[in-house]
Each structure stands twice: as C-alpha cells, then as structure tokens.
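Here is the structure we will look at, set down as structure tokens.
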Amino acid sequence: MKIKKAVIIAAGFGTRFLPVTKVQAKELMPIVDKPVLEYIVEEMINSGITNIILVVNKYKISIENHFDRLFELEHTLKRGGKEKLLEKITTIPSKVNIAYVRQQAPLGTAHALLCAKAFVGNEPFVFSDADSVIDSKIPATKQLLEIYNKYKCPIVGVQKTENRFLTRYGNIYGKKIGKRIYKVEDSIEKPDIKKGEKVSPQGLFIAGMRYILTPQIFPILEKLKPGKGGEYYINDGIKDLLEKGDVYAYHYEGDYYDTGNKLEYLKANVNFAFKHEEVKDEFKKYLKNLEI
C-alpha cells in the first residue's frame, strides 16, 4: 500500500517564544518569507503525501486560514499581473487535502496523535511535529518512505549528536544493519542520567519527529501511561511497539532545525536566507560587514 496520509501535530502553545506566540501560532512564524509549517507541508507533498490531518488547539484558527483559499487576494494578484505571488498562495491547496482535528488538552505528542486515529483508519501513515524543518536534497519523509517500502515496518527518523546533548531528546538504541539503518532495540524519552538511564551509545536521537507508523500504534497509545511531566510521549509508545514487532531507525540525510528553539530558529532563517534569490546576495554582504 502506497502511503498517502500524514498527521502533523501543531497544538502546542509555543511558550518558549512568548510573548510573540501569545496570539500568533508558533507554526506560522516565518523563515524568511514562508511559515515554518509550510516548509513541513511542502516536504510531505514532495514525498507523495496527498492527505494531511493537522492536530491543532482552539487557538490555532490562523493555521486553518493560512492553508485556505483567499479569493479576494487571489483576484487582486491576478488583476495586477503578479503571477509568481499568486502561485505562492495557491500551490499547496491545489496539491494536498488538509483537514483539522482539535486536541482538547495539552497532554503530549502521543495524545495528539490519538486525536487523528479516525482519520488514519487502517493504513500506514507519516507522523511529524510542526516545529522541525529539515533542509535536504531528498525530502526527509521521502527517505523514510523508501526504507519503509523495503522493510514494511515502522521507521523512526534519527540524527546523531554528542553525548552531552542526548538528554534533551528521545534516544534510540539499536544495532546497525546497513548504511544509515538501525534495528531498534530500545527507546527512551530524554534519558535521566541521575536515575541511571544511559544515553544512546550510537548517539542516535529522534530528530524532527519524522516517523512512518502503522495502525498498530493506536492500541498501544490508548494504554500508554503518562511519562515525564505527566504527558504522553510517542517515544514511549515506540518502546512498547518493539514488543509487537520490528522497528527500524534511519539516519536521514539533511540539516535539522528545531524552530521551537530560539537559536535554531535563527539558524534556520540564516540558512534559508542564503538560498533565497531575492535577498541572499545583500544578506551575505550585510553579514560580511558585521564581521568587520
């Protein structure tokens, strides 16, 4: 079965970016001139996804409006001959169906995914957060789908980092079985060194929350117990999923930016500004002058 559905969770409050996120959805904060979430939706489209469910909260109406059609603006742009700008706001609605479901309370990533259970049905699907932008030649999701097509098992997208940073992320423990591919043996959400939990010896962490999952995850999530901070984590669900069958991790190619982090958000803006035809040359000159 070719995977055509994706679940993207976008229900957080964005507290790390207060006060700007008091009324502004953090997922719509711009990287140069495009919202963070739009980069992720484009990644899904370029990976062959045709149906997306966005898990939001009651304050995220702006997200729904962003991906809707605005005929008055389209008419104005068309009448003014601004075809390139018109294409920017009409391409996504023409290529993918986007639906929405609300998470009633901020109870974590696993709880958010459960909200989309009816949408997913009995099909494998892509699962992602709405913060993580991955800059890669081949879309990260497409890379994971290629691995899924080989093994027909759940796939976790990972990156590598130094031990001192691993306690910030969900860790993956496994055995390398091929180029950039690992068979997962364990999964721990933010290992607590003080409690004797060890970080991944391979340095693998869940980067960008990119997963290929099967419907078998839902019964597991429904029985999941609260994790750190009283929330329900998808990583804890992966740990339990290992008891049901094989799970693989793929060290995808690309640069990962956690735009929910201030420094990473700034880095993402610099990275994409260097690639933006309109501003890249002047921006590089500006930065060079700052160094002087």
Side-chain angles (χ1 to χ4, degrees), residues 2-10 27 29-50 52 54 88 91-92 95-96 124-151 154-162 165-166 168-172 174 176-182 184 200 202-213 234 247-261 263-277 279-280 283-284:
K2 193 170 184 179
I3 296 178
K4 292 292 186 179
K5 292 181 178 179
V7 177
I8 302 176
I9 55 173
E27 297 83 5
M29 290 177 61
I31 297 179
V32 187
D33 58 359
K34 187 188 300 182
V36 168
L37 180 54
E38 192 162 320
Y39 284 91
I40 298 169
V41 169
E42 287 180 346
E43 177 189 322
M44 298 300 161
I45 293 171
N46 294 332
S47 301
I49 298 300
T50 57
I52 294 174
L54 278 164
K88 285 184 177 182
T91 298
I92 286 180
K95 289 187 175 182
V96 67
F125 63 99
V126 175
F127 178 57
S128 172
D129 67 7
D131 291 327
S132 304
V133 174
I134 300 171
D135 184 21
S136 56
K137 292 182 179 179
I138 300 174
T141 294
K142 188 173 183 179
Q143 295 178 47
L144 297 184
L145 286 169
E146 290 175 354
I147 303 302
Y148 174 82
N149 290 334
K150 179 178 180 179
Y151 291 98
I155 309 294
V156 183
V158 297
Q159 290 280 279
K160 285 190 173 185
T161 192
E162 299 174 16
F165 295 118
L166 284 167
R168 303 177 185 177
Y169 305 97
N171 280 213
I172 292 295
K176 192 171 185 179
I177 60 171
K179 185 179 180 180
R180 308 179 78 90
I181 303 173
Y182 299 78
V184 179
S200 168
Q202 298 87 7
L204 302 177
F205 71 101
I206 298 174
M209 200 181 288
R210 296 298 197 275
Y211 299 84
I212 310 299
L213 297 172
I234 187 67
V247 177
Y248 294 88
Y250 182 67
H251 179 195
Y252 62 79
E253 297 183 42
D255 296 320
Y256 156 57
Y257 298 95
D258 174 9
T259 65
N261 173 288
L263 180 58
E264 288 296 304
Y265 174 73
L266 293 174
K267 288 180 180 179
N269 269 278
V270 171
N271 175 69
F272 285 97
F274 281 174
K275 299 182 178 185
H276 196 289
E277 290 299 325
V279 302
K280 65 179 183 180
F283 186 58
K284 289 177 182 178

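Below, each value reflects all heavy atoms present in this structure, side chains not excepted, and no hydrogens, waters or symmetry copies.
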How many angstroms lie between CG in Asp258 and CZ in Arg168, if you round to the nearest 0.5 Å? 10.5 Å

Test side chain to side chain contact (heavy atoms under 4.5 Å, CB included) on His251 and Ile181 and set out the steps. CA-CA 6 Å; His251 179 195; Ile181 303 173; over 6 Å; no

Would you say the side-chain atoms of Asn171 pair up with the backbone N or O of Leu166, donor to acceptor, closer than 3.5 Å? yes

Asp131 CG to Thr259 OG1 distance, which is reported to the nearest 0.5 Å: 5.0 Å

Which residues pass the ring pair (Phe, Tyr, Trp, His ring centres under 6.0 Å) test with Tyr248, not counting sequence neighbours? Tyr151

Crowding at NZ, Lys284 (>12 non-hydrogen neighbours, <6.0 Å): yes

Residues that Lys160 engages under salt bridge (Lys or Arg N to Asp or Glu O under 4.0 Å), provided they are two or more places apart: none

Run the side-chain contact (heavy atoms from CB on, under 4.5 Å) test against Ala130 and tell me which residues pass, sequence neighbours left out. Ile8, Ala10, Glu27, Leu37

Other residues, nucleotides and ligands only: do more than 12 of their heavy atoms fall within 6.0 Å of NZ on Lys280? yes

Output the distance between atom CE (Met29) and atom OH (Tyr265), rounded to the nearest 0.5 Å. 4.0 Å

Assess the residue pair Asp255 and Ile134 against the criterion (side chain to side chain contact (heavy atoms under 4.5 Å, CB included)); give the C-alpha distance rounded to whole Å, side-chain angles, the decisive distance to 0.1 Å, and a yes or no. CA-CA 5 Å; Asp255 296 320; Ile134 300 171; over 6 Å; no

Just how far is it from atom CD of Glu162 to atom CZ of Phe205, taken to the nearest 0.5 Å? 11.0 Å

Hey, mind stepping through Ser132 and Tyr256 against side chain to side chain contact (heavy atoms under 4.5 Å, CB included) and telling me if it holds? CA-CA 7 Å; Ser132 304; Tyr256 156 57; 3.5 Å; yes

I'd like to know if the side chain of Gln159 reaches the main chain of Tyr252, judged simply by a donor and an acceptor atom lying under 3.5 Å from each other, with no hydrogens or angles considered. yes

The complete set of salt bridge (Lys or Arg N to Asp or Glu O under 4.0 Å) pairs with one or both residues in residues 133-143, sequence neighbours excluded, reads Asp135-Lys275

Please name all residues satisfying ring pair (Phe, Tyr, Trp, His ring centres under 6.0 Å) with Phe165, sequence neighbours left out, ordered by chain then number. none

side-chain hydrogen bond (donor to acceptor under 3.5 Å, both in side chains) contacts in which one or both residues fall within residues 38-50, not counting sequence neighbours: Lys34-Glu42, Glu38-His66, Glu43-Thr141, Glu43-Arg210

Is Asn269 reaching over with its side chain to a backbone N or O of Phe272, donor-acceptor style, under 3.5 angstrom? no

Just verifying a value: how many Å separate Lys5 NZ and Ile3 CD1, rounded to the nearest 0.5 Å? 11.5 Å

